[in-house]
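Along the sequence shown, residues carry numbers from 1. For the numbers below, each heavy atom of this structure counts, side chains included, while hydrogens, waters and symmetry mates do not.
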Amino acid sequence: MKNDMEPMEFEQELEQEKEEKLRLETISMSNAVTTHSGGRAIHTMTVIGQVEGHYLLGGGQKSTKYEQIIPLLVSVEESEEVDGLLLILNTVGGDVEAGLAIAELIASMSKPTVSLVLGGGHSIGVPLAVCADRSFIVPSATMTIHPVRTNGLVISSPQTFRGFEKMQDRIIDFIVAHSSAEASKLRELMMKPDEMATDIGTVLEGREAVSLGLIDEIGGLKEALACLHKLIDSRLRSEQRPSE
């Protein structure tokens, strides 16, 4: 019997190794992982470096590709095995339309979501930070608020600048709708000329972002996970409540 069991045990061990290797490759490719604790499954997704949109970034730059993030978000929303989403941010910003598209998608999810800003949540990272049901930031993290801008050749015309202004309005409207920050204050911070050496705008530290109403709470991984578990439990209780 022992000799019969050994090949089976070897095959099971080999299968486990393959599954672990596939899991690690998935984490490496998608910057995401699903963990299980207390009977709850949490999908953790990271947005790091620049948000890559319609144009490819240089090979030496860290980037988050929106064409990978969007299908992952759909799978999290549809999956019966995932209970909530933890979004971890350390981004310098990037493509405005791509970042806003990801933020809109997360904001429209029915499953509980929590965001955590580590290091930085700059530029289009601000809408990504506020799009979750609850947002956290560590004290040492910073967030940069500045007007919409672009690099390279620009056709200088009133229509071009109106286009930038409309895009900026869309971003401000989204931030205001998903945080406690006021539009007038955001515009004031965007246009400050004395906060940044080579640009206009404002750099907010963690506690300043909370004081402004941009982020809900100061906290790290422990606090973000505890909050997400509470949101998941609350959602499950409401689903189990008998209809009247």
For this session: State whether the number of non-hydrogen atoms from other residues, nucleotides or ligands found under 6.0 Å of Glu67 atom CD is greater than 12.
Result: yes
For this session: Give a yes or no on whether Arg207 atom CZ has more than 12 heavy-atom contacts from other residues, nucleotides or ligands under 6.0 Å away.
Result: no
Exercise. Leu73 versus Leu85: any side-chain heavy-atom pair under 4.5 Å?
Worked result: yes
Exercise. Between Val117 and Gly120, what is the shortest heavy-atom contact and its length?
Worked result: CG1-C, 3.8 Å
Exercise. Are the side chains of Leu186 and Leu214 in touch, meaning some heavy atoms are under 4.5 Å apart?
Worked result: yes
Exercise. Are Leu89 and Val92 grouped together when hydrophobic residues (ILVMFWY) are joined by side-chain heavy atoms under 4.5 angstrom apart?
Worked result: no
For this session: Keeping the roles fixed (side chain from Ser179, backbone from Ala181), state whether a donor-acceptor pair exists under 3.5 Å.
Result: yes
Exercise. Donor-acceptor pair, Asp133 side chain versus Val114 backbone, under 3.5 Å?
Worked result: no
Exercise. With a 4.5 Å heavy-atom cut-off, do Arg187 and Gln168 have their side chains touching?
Worked result: yes
Exercise. Is Lys185 reaching over with its side chain to a backbone N or O of Leu212, donor-acceptor style, under 3.5 angstrom?
Worked result: no
Exercise. Which heavy-atom pair separates Phe174 from Val130 by the least distance, and what is that distance?
Worked result: CE2-CG2, 4.2 Å
Exercise. Heavy-atom count around Glu182 CD within 6.0 Å, excluding the residue itself: above 12?
Worked result: no
For this session: Return the minimal non-hydrogen interatomic distance between Leu116 and Gly219, and the atom names on each side.
Result: CD1-O, 3.4 Å
Problem set entry | Check: Glu208 and Thr202 side chains under 4.5 Å, non-hydrogen atoms | no
For this session: Check for a donor-acceptor pair, side chain of Glu223 on one end and backbone N or O of Gly220 on the other, with a separation under 3.5 Å.
Result: yes
Exercise. Would you say Ile42 and Val74 are hydrophobically clustered, going by side-chain heavy atoms of ILVMFWY under 4.5 Å?
Worked result: no
Problem set entry | Side-chain touch His122/His146, heavy atoms, less than 4.5 angstrom | no
Exercise. Is any NZ, NE, NH1 or NH2 atom of the basic residue among Arg235 and Asp83 found under 4.0 Å from an Asp or Glu carboxylate oxygen of the other?
Worked result: no
